[in-house]
Amino acid sequence: MNIFRLAGDMSHLLSILVLLLKIRATKSCRGISLKTQELYALVFVCRYLDLFYSFISVYNSVMKVTFLATAFSIIRYMRYDKVVKQTYDKEQDTFRYAFLIAPCALLALVVNHKFTVTEVLWTFSIYLEAVAILPQLVLMQRTQNIDNLTANYVALLGAYRGLYILNWIFRYFHERHYRQWIVWISGVVQTGLYLDFFYYYYLAWKSNKRLQLPA
């Protein structure tokens, strides 16, 4: 494992911890898209099926279990906690994620490394992760209710993907025959979705103001 991969994993983990901190400390999930959280849970379930039949390392297994557990914990808070669920922006979080799931599923059936159940599901998770942030970005544009913890959560998610791109570049030059076109292209698409957000995030940080995205 190289430093970029480790930094990416830590950024991803920190983003989830920031989100859980926001929910637990403020007893509020205002400004957070449940649709995005459910998409990420689906991503993790489809990607980490190998927990049942493959062992890579303790670190790898712990990270997978952590991402699964925290994803469902966030959903539980937002759907069932008596206080937190009252703050959910249900009327604004209306992105139809079927429009993301269906194309990603179809693409995974057509473009994959190997046509097996586990490989297709893994490929589906790669495609879906690339666009899973869209409901969150749309919600932030609609409500303009972007507190610092929510903004930092999204920023850390974007940083995670950016660091993974550096990880892929590093591996390309240091590992023979390393080619993962599906992962690379999906990662670039995912990073591209964050560019507009990071532009306004930087402006807000520079002027010491609350983040606002154009409607």
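The backbone N or O of Ser33 lies less than 3.5 Å from a partner atom in the side chain of Gln136, making a donor-acceptor pair. Judged purely by atom type and a 3.5 angstrom limit, Thr123 uses its side chain to pair as donor or acceptor with the backbone of Glu119. The main-chain N or O of Val183 is never found under 3.5 Å from a side-chain atom of Ser186 such that the two would form a donor-acceptor pair. Asn112 contributes a side-chain N or O that, together with a main-chain N or O of Ala108, makes up a donor-acceptor pair within less than 3.5 Å. Panel note: side chain Asp93, backbone Leu34; a donor-acceptor pair is recorded below 3.5 Å. Side chain of Ser125 to main chain of Trp122: a donor-acceptor pair is present (N/O by atom type, distance under 3.5 Å, no hydrogens or angles). Under a 3.5 Å cut-off, the side chain of Thr66 and the backbone N or O of Val62 do form a donor-acceptor pair. The main-chain N or O of Val58 is never found under 3.5 Å from a side-chain atom of Ser61 such that the two would form a donor-acceptor pair.
Using a 4.5 Å heavy-atom cutoff, the side chains of Leu137 and Val154 are in contact. Using a 4.5 Å cut-off on side-chain heavy atoms (C-beta onward), Pro214 and Tyr200 make contact. Side-chain contact between Glu38 and Arg79 is present, with heavy atoms from C-beta onward closer than 4.5 Å. When side chains are defined from C-beta on, Tyr59 counts as touching Met1, because their heavy atoms get closer than 4.5 Å.
A side chain to side chain contact (heavy atoms under 4.5 Å, CB included) with Leu157 holds for exactly one of Ile133, Asn152, Leu14; it is Ile133. Checked against Tyr77 for a side-chain hydrogen bond (donor to acceptor under 3.5 Å, both in side chains), the options Lys27, Lys85, Arg24 give a single hit: Arg24.
Here Ile146 contributes atom CD1 and Leu211 contributes atom CG; the two are 4.0 Å apart, rounded to the nearest 0.5 Å. Summarising the geometry, atom OG1 belonging to Thr191 is positioned 3.0 Å from atom CD1 belonging to Ile165; distances are rounded to the nearest 0.5 Å. The line from CD of Gln190 to CD1 of Ile126 is 9.0 Å long, rounded to the nearest 0.5 Å. Annotation: the span from Ile169 atom CD1 to Asn2 atom CG amounts to 11.0 Å, rounded to 0.5 Å. To the nearest 0.5 Å, atoms CD1 (Ile74) and CD1 (Ile32) are separated by 8.5 Å. In this structure, Ile185 CD1 and Ile182 CD1 are separated by 8.0 Å, a value rounded to the nearest 0.5 Å.
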Checklist entry - When you look at Leu39 and Ile101, which way does the side-chain contact (heavy atoms from CB on, under 4.5 Å) test go after all the steps? => result CA-CA 8 Å; Leu39 288 174; Ile101 293 174; 3.8 Å; yes
Checklist entry - Which is it for Phe198 and Leu195 under the side-chain contact (heavy atoms from CB on, under 4.5 Å) test, yes or no, and what are the steps along the way? => result CA-CA 5 Å; Phe198 272 112; Leu195 293 180; 5.8 Å; no
Checklist entry - Going through the distances and angles, do Ile23 and Leu19 end up as a side-chain contact (heavy atoms from CB on, under 4.5 Å)? => result CA-CA 6 Å; Ile23 293 174; Leu19 181 53; 4.3 Å; yes
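Residues Tyr201 and Ala151 approach most closely at CE1-O, 3.8 Å, considering heavy atoms. Across every non-hydrogen atom of Ser28 and Thr87, the tightest pair is CA-OG1, 3.3 Å. Scanning both residues, Leu20 and Ser73, for their nearest heavy atoms gives CD2-OG, 4.2 Å. Minimum heavy-atom separation, Thr36 to Ala132: OG1-O, 2.8 Å. Summarising the geometry of Cys46 relative to Leu121, their closest heavy-atom pair is CB-O, 3.5 Å, with the distance given to 0.1 Å. Across all their heavy atoms, Thr150 and Gly31 have their closest contact at CG2-O, 3.8 Å.
A 6.0 Å sphere centred on CZ of Phe55 holds more than 12 heavy atoms belonging to other residues, nucleotides or ligands. In the displayed structure, Tyr178 atom OH is contacted under 6.0 Å by more than 12 heavy atoms of other residues, nucleotides or ligands. Within 6.0 Å of CZ in Arg179 there are more than 12 heavy atoms belonging to other residues, nucleotides or ligands. Counting non-hydrogen atoms of neighbouring residues, nucleotides and ligands closer than 6.0 angstrom, the CZ atom of Phe52 reaches no more than 12 such neighbours. Surrounding OH of Tyr199 are at most 12 heavy atoms belonging to other residues, nucleotides or ligands under 6.0 Å away.
Cluster membership check: Leu193 does not share its hydrophobic cluster with Phe99, using side-chain heavy-atom separations under 4.5 Å among Ile, Leu, Val, Met, Phe, Trp and Tyr. Follow the hydrophobic side-chain contacts under 4.5 Å out from Leu203 and you reach Trp205 in the same cluster. Both Met63 and Leu6 are part of a single hydrophobic cluster, where members link through side-chain heavy atoms under 4.5 Å apart. The hydrophobic clustering, which links ILVMFWY residues whose side-chain heavy atoms are closer than 4.5 Å, places Leu49 and Phe72 apart. Hydrophobic clustering keeps Val188 apart from Leu107 (ILVMFWY residues linked when any side-chain heavy atoms are closer than 4.5 Å, directly or through intermediates).
The pair Asp89-Arg30 meets the salt-bridge criterion, since a charged nitrogen lies less than 4.0 angstrom from a carboxylate oxygen. With respect to Arg142 and Glu91, no salt bridge is recorded, no charged nitrogen being found less than 4.0 Å from a carboxylate O.
In this structure, Phe44 and Tyr48 have parallel ring planes: the angle between them is below the 30° cut-off, well short of the 60° mark. Taking the six-membered ring for Trp and thresholds of 30 and 60 degrees, Trp181 and Trp184 have ring planes more than 60 degrees apart, a perpendicular arrangement.
Here the two rings, on Tyr160 and Tyr164, have centers that are under 6.0 Å apart.
Figure legend: Lys35 and Phe95 shown without cation-pi pairing, the cationic atom not lying both under 6.0 angstrom from the six-membered ring centre and within 45 degrees of its axis.
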